[in-house]
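Only heavy atoms go into these numbers, but all of them, side chains included; no hydrogens, no water, no symmetry mates. The chains referred to below are lettered A, B, ... by the order of the sequence lines, with proteins before strands, and numbering in each begins at 1. Nothing here was measured: the structure is a model prediction, and the numbers come from that model.
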Amino acid sequence: MPFPFAHIVVGLPVEGPFDYALPQHLQEKVAVGQRVRVPFHGAQRVGFVVGLADKSAVQNLKLVLAVLEDQPSLAEAVLRLTKKMSEYCGCSWGEAIETSLPRALRKPKIVELSLSNVKNTAAASKPETVLFHDPSRRERWKYFQERIQETKVQEQGAIILVPEASMIDEGVAQFKKVMPATAVIFDKKIKPQEEWQQWKMVKEGKVAFVIGTRSAVFAPVANLGLIIVFEEDNSAYKQEQSPFYHVRDVARMRAEIEKCSLLFISTTPSAEIWHELSNGIIKKVSCVPEDLSSMQLVDLSNYNPAKTSVISFPLRNLMEKSLAGKERIVLLLNRKGFSTVTRCNQCGQALTCPRCNVNLTYLYSKKKMVCRMCHYTTAVPKICPQCKSPYLRALGTGIEKLESEAARIFPMARIARFDQESSAAPNNADILIATQAVFRILDGYRADVVAILDFDAQLNRVDFRSAQKAFASLIFLRYAAKKKLVVQTYQTNSYLIEAAKNSNFDLFYEQEIKLREELQLPPFKHLIAVGLRGREEQTVLEQAQALYERLQADGALYEASDPQPDHLAKLRDQYRFTIMLKTTAVAETFVQVKAILKDFKRKKSTIITVNLDP
DNA sequence: AGCACGCCGACT
DNA sequence: GTCGGCGTGCTC
């Protein structure tokens, strides 16, 4: 029986659904999950049909103008997934649907889809969630191939998620070893037209295996048997714009809705995932090998590096021996450029970015001053902009300065540098001096000795995940170094370093999870960051304070913290403050926060964002 | 998000 | 007297 009304959502941050009337000739053609063209607030937009009805409570309904496709581009399971995601991320249902679709379908263009002939076959085995813990990364592909084979045998499809586009090629190559040429690639960097072609192949059931980055989690695989997430602790899986979703969470929702298996393949799983091993929700398959390079600590409190060099004496001795044995060394220092601070010796003024207020980095190679946050670039001043004296000094060591220092200490060594802008690894360097960007090539690089010069900088960050991240990089580097990992630090007796030194994962996670519980951080409570930003510091702060008071007044579901200036309080000419909410009831808190914001927002031109578990 | 409607300053 | 500034409100 044809329905005369439709419930429709749009890709805007407005609650819906909105009711529309269906003209007679469209009633036969329209179905739930289809894209339609609708008039909305004076303009025409793409609407998504989320329901049909035989009556509506709203008077003077507008008419649906056109149906944009013959088959619904949104399967019922994806509709449910996006609905759940919207509640969980604090975005509208329409926004969630829009992010789930290829860019080509966000425009009101008419498309044709052939009907998929994929039959839904239930898997022979019961769906399960598995963590494959493989710190050496030697076993992951074998395990991956076995699971892909299984999925294929059960005539189901799979989604394979990798954190970065650079990992797609390797994934495809490994995939092809078990199944020649039947995977499709999803990544936001490909052209919209190409993305649409790939999407269509999956939607029409021509391909059942998808490999890609973040957005691939929404791929329209019809008979989904398995979702694989590589390195779920990687922060690239978190979208840093609205909707602020994390792939790990969306993958879990999807696995639950579609009753499919979920596999996390990780070197250092997140504390959130590890915590769920204890309650049996996730099953662990462990592959921790016995053989491992050694780890040596250099206690910086015994060697006064600030006065001499960022290369401590023990490290220097070790490097000498290593170089004599024709070994290859990687020195890690996570500061690009030559110097990190340029200060006037006369008035003490440091050169800062006019838009972000952070110290400008001096790039020796380009003879420029740059801001590491916003890439603001300026010429190197000859005199102090404040007092006009000519005594500007470059302080703080970046990798360019380290390079010249290493060249002075080891004049015979071949030295190369690697940072964000570098592409390939040099193949004949004795010493490679690098920032964290080197992680992406280290798997294919023979590094005998790796030394972290500024380990403490990783720990002293405000981010509550800094311990997790620091631990992850220590473990990664221990396996990347063939012989030895050297860590220069003041904190030689931290549990994190001890756990990494003894390759004791249980110790690290036990301590980390205990700490998270004490501080009531994820996974025990969720954080919702309500961020305010604007060009006038005073206005933003006043707004933040007022909003905080409003939130505080209705705070039965959550605890609200005072508005705090962000880590970078001024970024790209905007002042930023965050109010942090802690809660166990995410969806309910979002409903309340949204109600408060709706009533509050009618103030000034301040931008407010809401980010779950930042 | 955008787009319309609304109430206060410099123009023919 | 009007054009248009952005601040605020609403979208079936």
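Rounded to an integer number of Å, the gap from CD1 of A/Ile608 to C1' of B/dA1 is 15 Å. What separates CD1 of A/Ile8 from C1' of C/dT11 is a distance of 14 Å, to the nearest Å. Nucleotide C/dT11 holds its P atom 9 Å from the NZ atom of A/Lys62, rounded to whole Å. Put simply, CH2 on A/Trp93 is 15 Å from C1' on C/dC12, counting in whole angstrom units. Whole-Å rounding puts the A/Glu15 CD to C/dG9 P distance at 18 Å. Protein atom NZ of A/Lys107 is 19 Å distant from nucleotide atom P of B/dA1, rounded to whole Å.
Against DNA chain C, the stretch residues 23-57 of chain A makes heavy-atom approaches under 4.0 Å through A/Pro39, A/Phe40, A/His41. Residues from residues 94-104 of chain A lying near DNA chain C, meaning a heavy-atom separation below 4.0 Å, are absent.
A/Phe40 and A/Phe18 have their aromatic ring centers within a separation under 6.0 angstrom. Less than 6.0 angstrom separates the ring centroid of A/Tyr245 from the ring centroid of A/Phe218.
A salt bridge is absent between A/Lys191 and A/Glu195; no separation between the charged side-chain nitrogens and carboxylate oxygens falls under 4.0 Å.
Formation of a donor-acceptor pair under 3.5 Å by the A/Thr583 side chain with backbone atoms of A/Ala585 is found in this model. Under the 3.5 Å distance criterion, the side-chain polar atoms of A/Glu69 are matched with a main-chain donor or acceptor of A/Ser73. For A/Tyr20 (side chain) and A/Pro39 (main-chain N/O), a donor-acceptor pair under 3.5 Å exists by modelled atom type.
With respect to A/Leu224, the side chain to side chain contact (heavy atoms under 4.5 Å, CB included) criterion is satisfied by exactly one of A/Arg254, A/Gln156, A/Lys259: A/Arg254.
Within the 4.5 Å cutoff, the side chain of A/Leu351 has heavy atoms near those of the A/Pro381 side chain.
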